[in-house]
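Structure, as structure tokens:
Because only heavy atoms are used, hydrogens play no part in the values below, and waters and symmetry mates are left out as well, while side chains stay in. What you are looking at is a predicted structure, and each value in this text was computed from that prediction instead of being measured.
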Amino acid sequence: MSRTLVERLQEGLPAGAVLTDPDVTASYANDMASFCDAGAPAVVVLPRTVEQVQHVMRTATELRVPVVPQGARTGLSGAANASEGCIVLSLVKMDRILEINTVDRIAVVEPGVINATLSRAVNEKGLYYPPDPSSWEMCTIGGNIGTASGGLCCVKYGVTAEYVLGLDVVLADGRLLSTGRRTAKGVAGYDLTRLFVGSEGSLGIVVRATLALKPEPPQQLVLAAEFASTDAACDAVCKIMEGGHVPSLLELMDRTTVKAVNAMANMGLPETTEALLLAAFDTLDPAADLAAVGALCEAAGATQVVPAEDAAESELLLQARRLSLTALEAVKGTTMIDDVCVPRSRLAEMLTGVDRIAEKYGLTIGVCCHAGDGNTHPTVCFDAQDADEGRRARESFDEIMALGLELGGTITGEHGVGVLKKEWLARELGPVGIEMQRAVKAAFDPLGLLNPGKLF
């Protein structure tokens with residue numbers, strides 16, 4: 001490691017903000033994705049101000065050192081994995097909520113703010129920040145912006161991109177760019193704000209975000225419906241959406257996932273079911289909406305429909321869904337989590353195809369999904385110490401992505417591309433699409449220093 005690099009960084013950063021101990025820096029090498037290579041960082045920096053981030057980027061540009069921005073490293077695509085000899089730029093210390101404006105219905109935050117912290121802060125003022133990834137108690141707003149995160153409520157409220165009004169971004173050469181607006185409307189120039197959302201830190205470092213808020217909705221109520229087949233459950237999803245209903249949540253857990261959650265947390269979920277559908281409404285009369293949806297589930301073949309009577313019962317059902325990925329990881333110790341999104345009308349074909357792939361490779365693959373928007377999370381469970389099982393896991397993962405594209409879907413609905421799916425991004429976008437993406441990258445980062453090796 002170059003002494004010059006460390007010394008130059010220390011010139012503009014406070015004591016303790018430059019980490020060089022290899023045992024410490026190694027802990028910043030990976031996010032939570034499997035099968036994603038990572039290098040050893042040369043140094044980890046923990047800036048607290050915009051000016052300090054600018055200093056880091058100017059130093060990196062001058063010395064031609066790659067920079068990998070990081071949040072909480074809860075990502076599932078390897079987008080935050082370190083490159084060999086890079087500067088890891090961790091933004092977790094920039095964690096202030098700078099403003100909550102109840103008239104304009106906006107929040108201005110730094111990138112290290114935890115999603116749940118922001119959500120609770122705006123709730124106290126009668127407002128609501130909808131994006132709620134499963135990792136919302138740990139993940140940061142900057143990371144959510146970098147990967148264009150989704151969550152359980154996307155079926156009604158949409159994804160992170162729909163709530164980012166404006167950004168302050170430090171560019172590769174250290175200049176500060178402000179994009180977007182604070183206003184409810186605005187169409188001036190190219191929408192650079194939207195361009196940065198989902199760019200995985202490859203175009204610039206987000207140091208401040210202006211986020212749209214909504215009035216806090218009424219407490220939601222949840223319904224659970226059991227089905228004898230995933231086809232029947234998916235038919236119910238189609239009937240619900242075709243009928244004009246607007247649930248605040250519409251989630252599906254297959255038999256494998258239900259059993260895994262019960263094994264880990266003794267939730268008492270019905271293990272005889274082939275598919276468990278959870279629907280929620282946060283309307284003025286959620287019980288009436290649940291009754292209408294319950295009737296549609298029964299018409300689609302539900303063997304049992306149980307509406308929650310209060311918020312406590314509703315939260316218990318939601319907790320089971322939030323535990324799904326953790327529970328599936330406990331099955332074999334390691335998972336590969338797919339993130340394929342398909343048209344709702346093709347959801348049944350997707351789940352049937354995943355079952356076929358699991359049988360072909362002799363693997364346990366549980367599926368939980370945001371059924372209301374077709375975003376599936378087939379989760380391949382395997383023993384990382386078993387080389388053959390690891391190979392089959394990787395092959396099955398790729399086959400699932402190929403299936404998603406065949407069904408008119410996309411390789412990622414909310415987790416991003418990172419390292420894990422960059423080969424598949426080229427297949428989805430095609431040569432002209434990739435050429436244009438690379439041209440955008442070159443315009444913002446001509447030296448290729450920002451998060452190299454990600455996306456394409």
Side-chain angles (χ1 to χ4, degrees), residues 1-2 5 22 25-45 53 56-57 59-91 111 142-143 145-149 169-173 195-206 336-339 390 394 397-398 401 410-412 414-431 433-456:
M1 177 178 59
S2 169
L5 172 62
T25 59
S27 67
Y28 288 82
N30 301 84
D31 64 14
M32 297 181 71
S34 301
F35 289 108
C36 294
D37 293 334
V43 60
V44 174
V45 294
V53 175
V56 172
M57 292 313 306
T59 301
T61 294
E62 181 180 342
L63 299 180
R64 302 298 194 264
V65 180
V67 176
V68 176
Q70 288 185 351
R73 303 195 309 279
T74 57
L76 294 167
S77 68
N81 282 13
S83 303
E84 187 67 31
C86 74
I87 299 169
V88 164
L89 176 54
S90 174
L91 297 155
I145 291 170
T147 57
S149 297
V169 181
V170 174
L171 299 177
D173 60 9
L195 182 62
F196 280 102
V197 179
S199 65
E200 301 182 8
S202 65
L203 302 179
I205 310 297
V206 172
M336 289 190 74
I337 303 169
D338 245 313
D339 178 38
R394 180 68 215 219
F397 182 87
D398 287 345
M401 283 194 286
T410 176
I411 60 170
T412 177
E414 58 187 11
H415 292 171
V417 176
V419 176
L420 190 61
K421 303 168 192 168
K422 65 180 186 177
E423 173 191 344
W424 287 92
L425 181 67
R427 299 192 194 190
E428 179 171 334
L429 298 184
I434 288 294
E435 181 184 347
M436 293 297 100
Q437 300 254 338
R438 286 179 171 151
V440 171
K441 165 74 169 171
F444 282 90
D445 181 22
L447 297 177
L449 298 179
L450 284 168
N451 215 8
K454 314 297 167 44
L455 292 171
F456 40 72

Is there a donor-acceptor contact under 3.5 Å from the side chain of [X] to the main chain of [Y]?
X      : Y      : answer
Gln70  : Val88  : no
Glu428 : Ile411 : yes
Thr59  : Leu5   : no
Arg73  : Ser27  : yes
Lys454 : Ser202 : no

Which distance, rounded to the nearest 0.5 Å, do you find between the [atom1] of [X] and the [atom2] of [Y]?
X      : Y      : atom1 : atom2 : answer
Leu455 : Glu200 : CG    : CD    : 4.0 Å
Trp424 : Met401 : CH2   : CE    : 5.5 Å
Leu425 : Leu420 : CG    : CG    : 12.0 Å
Leu89  : Met57  : CG    : CE    : 7.5 Å
Leu195 : Phe444 : CG    : CZ    : 5.0 Å

Closest approach of [X] to [Y] (non-hydrogen atoms, all atoms of both residues):
X      : Y      : value
Pro111 : Leu91  : CG-CB, 4.1 Å
Ala29  : Ala38  : O-CB, 3.4 Å
Ser77  : Cys36  : O-SG, 3.7 Å
Leu450 : Ala172 : CD1-CB, 3.8 Å
Phe196 : Gly204 : CE2-N, 3.9 Å
Ser149 : Gly143 : OG-O, 4.3 Å

- Sole candidate of Leu171, Val67, Asp445, Leu449 that passes side chain to side chain contact (heavy atoms under 4.5 Å, CB included) when paired with Thr61: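 Only one of Leu171, Val67, Asp445, Leu449 forms a side chain to side chain contact (heavy atoms under 4.5 Å, CB included) with Thr61, namely Leu449.
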- Asn81 and side chain to side chain contact (heavy atoms under 4.5 Å, CB included): which partner among Asn451, Asp37, Asn30?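 Of all the options given, the one that passes is Asn30.
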- Query: Are Leu76 and Thr147 side-chain neighbours, meaning at least one heavy-atom pair lies under 4.5 Å?
  - Reply: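 Leu76 vs Thr147: side chains apart.
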- Any salt bridge (Lys or Arg N to Asp or Glu O under 4.0 Å) involving residues 417-427? Give me the pairs, sequence neighbours left out, ordered by first then second residue.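 Counting only pairs at least two positions apart or across chains, the salt bridge (Lys or Arg N to Asp or Glu O under 4.0 Å) contacts touching residues 417-427 are Asp339-Lys421, Glu423-Arg427.
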